[in-house]
Amino acid sequence: MSADSEKLETGRRKLAWARAHMPVHAELRERYGTDRPFAGVTVGVCSHVEAKTGVLIETLAAAGAEVIFTGSEPGSSQDDVVAALNEQQGITGYARRGATKAELDTFHRQALDHGPNLILDDAAELTARLVHERPDLLPGLKGVCEQTTTGVQRIQAMLREGMVGFPAYAVNDTPMKHEFDNVHGTGESSLTNLMLTTNLLLAGKQVVVAGYGDCGLGVAQKARAWGAQVTVTEIEPRKALRAHMAGFRVTSMEEAARYGEVFVTATGNRDVIRVEHFAQMRDGALLANAGHFNVEIDARALADVAESVTEARPGIVEYRMSDGRRLHLVAEGRLVNLATPTAMGHPVEVMDQTFAMQFMAAQHLLEHGAALTPGMQRVPDEVDRQVAEIKLQTLGVTIDALTESQRHFLDTWRLEEILGA
Ligand code: NAI
């Protein structure tokens, strides 16, 4: 078997495994595969191109879309999956693992050349580029569905500058996305990949989690469940209090830098761990990032202050300080759950939900987008609820329904009615 056909075969197998564990997508293909509501619509998908994203892409194609895909991050796409998607009808993609910044730019431009009518985005990569570089495409754009926190923030920033003349659904902000994907997906996959890459033990270690939003909360909770001593750093007083009352030690990065053994950033911000912190750290400290961009740990400053920089293991770079301390940066400070050599991203079942939200939000946008005001919009609650219902159905979980008297009880403000007079 040639290297190319072997790659194709591996990609097909990865897609088949993901498909088999994404029952919500199977249901969506069943529901929308005949009516094909996306027929005649070009959908641009920008995400980490691995098997779960592949199943979303296949589902969109099954629902009639012409799908154009590209990677949202240089280290997270998988070439075998890219090949196995590109052989399918109605799907064209531009992505490569380890793409340089210039290559990724070219891939995004090639994707935009297809003139997408809808964009399913990750960190507003395609959206920002379309607005910035291809305003000629704006008339054909019906809307955007954004799947991550950083992307929602970027679109809001664009909105403040009056640059969003189309509806954009904040899919990240739906309960079915962020309460599961950010918390459980990021929590489990970041720690799993970190420990697989290092082959070290988490139990008993001092783990410092920067940021106690949905992702940080997930990482902190799971690390504690694995037996780690967890510290949280925050800049937002209520989040800090929440972490404190969940039983975590809360302190500044300046303080935590002195005793932490494993650091995981999940803030969506930059320079959270920087030169003054590196100066305090213990020998052997592990530094990893779970936030979208590789700027949470100031890797440039780390390289500047290091006496030598070597590869310690695949996916881990060792920075040796002049006093002999060694600091270990995982995946170049890129998404630890996606950019390490063996990374596979979020667990399949979580992405079944997240991508079902992207699909359903896109379908809703297609149907109702013309009536929406341009700008960032909340995905209607009924769409979120619908995906939750499908998910429960696939799990075989039954829930109660409101009785008439309960519905009435919840709907009324008159005391005599509430008391059943
Ligand atoms: P969030 O907004 O819920 O939480 C971020 C938290 O970080 C906030 O509580 C904020 O106060 C805190 N923060 C900001 N600057 C800080 C600083 N300098 N020091 C300490 N804390 C700071 O955001 P969420 O949903 O937790 O996402 C965080 C990042 O993770 C985003 O970039 C998001 O796109 C990304 N993400 C990554 C995933 C992955 O697969 N690794 C999955 C989902 C989101």
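Just follow the structure's listing: the first ligand is 1, and inside any ligand the first atom is 1. Scope of the values below: all heavy atoms of this structure, side chains included, with no hydrogens, waters or symmetry mates.
Every atom of ligand 1 with a heavy atom of Glu234 under 4.0 Å away is listed here by number and element: 6 (C), 7 (O), 8 (C), 9 (O), 10 (C), 11 (O), 12 (C), 20 (C), 21 (N). Ligand 1 places these atoms under 4.0 Å from at least one heavy atom of Glu236: 11 (O). Each of the atoms 42 (C), 43 (C) of ligand 1 lies under 4.0 Å from some heavy atom of Asp181. Atom numbering of ligand 1 starts at 1 in the shown order; those under 4.0 Å from a heavy atom of Leu335 are 39 (C), 41 (N). Residue contact check: Gly211 has heavy atoms under 4.0 Å from atoms 7 (O), 12 (C), 20 (C), 21 (N) of ligand 1. Atoms of ligand 1 lying under 4.0 Å from at least one heavy atom of Thr233, given by number and element, are 20 (C), 21 (N). Of all the atoms in ligand 1, the ones that sit under 4.0 Å from a non-hydrogen atom of His292 are 32 (O), 34 (O), 35 (C).
When atom types are taken as modelled, the side chain of Asn289 and the backbone of Phe293 share a donor-acceptor pair closer than 3.5 angstrom. Remark: the backbone N or O of Lys205 is not paired with any side-chain donor or acceptor of Glu261 at under 3.5 angstrom. For Thr186 (side chain) and Asn182 (main-chain N/O), a donor-acceptor pair under 3.5 Å exists by modelled atom type. With hydrogens and angles ignored, the 3.5 Å screen pairs no side-chain donor or acceptor of Arg325 with any backbone N or O of Arg282.
Under the 4.5 Å side-chain criterion, counting only non-hydrogen atoms from C-beta, Lys14 is in contact with Asp80.
Scanning all protein heavy atoms for the shortest distance to atom 1 (P) of ligand 1 gives Gly213 CA, 4.0 Å. Regarding atom 38 (C) of ligand 1, its nearest protein heavy-atom neighbour is Thr186 OG1, 3.5 Å. For atom 24 (P) of ligand 1, the nearest non-hydrogen atom of the protein is Thr149 OG1, 3.5 Å. Closest to atom 31 (C) of ligand 1, if we only count protein heavy atoms, is Thr150 OG1, 3.3 Å. If you check which protein heavy atom lies closest to atom 43 (C) of ligand 1, you get Cys215 SG, 3.6 Å. The protein heavy-atom contact nearest to atom 34 (O) of ligand 1 is Thr148 OG1, 2.7 Å. Scanning all protein heavy atoms for the shortest distance to atom 13 (N) of ligand 1 gives Ile235 CG1, 3.6 Å.
Taking all heavy atoms of Asn337, Val219, Asn269 into account, the minimum distance to atom 39 (C) of ligand 1 is reached by Asn337. Comparing heavy-atom distances from atom 37 (C) of ligand 1 across Ala290, Gly345, Gly291 singles out Ala290 as nearest. Which of Thr267, Asn172, Val272 comes nearest to atom 5 (C) of ligand 1 through a heavy atom is settled by distance: it is Thr267.
Of the heavy atoms in Lys239, only side-chain atoms (C-beta onward) come closer than 4.0 Å to ligand 1. The part of Ala266 lying near ligand 1 is the backbone, judged by heavy-atom distances below 4.0 Å. Within the 4.0 Å heavy-atom criterion, neither part of Met253 lies near ligand 1.
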- request: Determine, step by step, whether Ser252 and Glu255 satisfy the side chain to side chain donor-acceptor pair (under 3.5 Å) criterion, reporting the C-alpha distance in whole Å, the side-chain angles of both residues, the deciding distance to 0.1 Å, and the verdict.
  value: CA-CA 5 Å; Ser252 63; Glu255 172 69 24; 5.5 Å; no

task: Dump the intermediate steps for side chain to side chain donor-acceptor pair (under 3.5 Å) on His346 and Asp181, then the final yes or no.
output: CA-CA 8 Å; His346 280 17; Asp181 175 308; 2.9 Å; yes

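For the side-chain contact (heavy atoms from CB on, under 4.5 Å) test, residues two or more places apart in sequence or in another chain that qualify with Pro175 are Glu179, Asp384.
In terms of N/O distances under 3.5 Å, ligand 1 is approached by Asp214.
When Val219, Val350, Leu217 are each tested for a side chain to side chain contact (heavy atoms under 4.5 Å, CB included) with Val183, only one passes: Leu217.
Under the side chain to side chain donor-acceptor pair (under 3.5 Å) criterion, the residue pairs touching residues 362-381 are Tyr169-His364, Gln363-Glu367, with sequence neighbours excluded.
Separation of the Phe38 and Phe359 ring centroids falls under the 6.0 Å cut-off. The ring of Phe69 has its center no closer than 6.0 angstrom to the ring center of His114.
A cation-pi arrangement is absent between Arg96 and Phe107, since the terminal nitrogen or guanidinium carbon is not both under 6.0 Å from the aromatic centre and inside a 45° cone about the axis.
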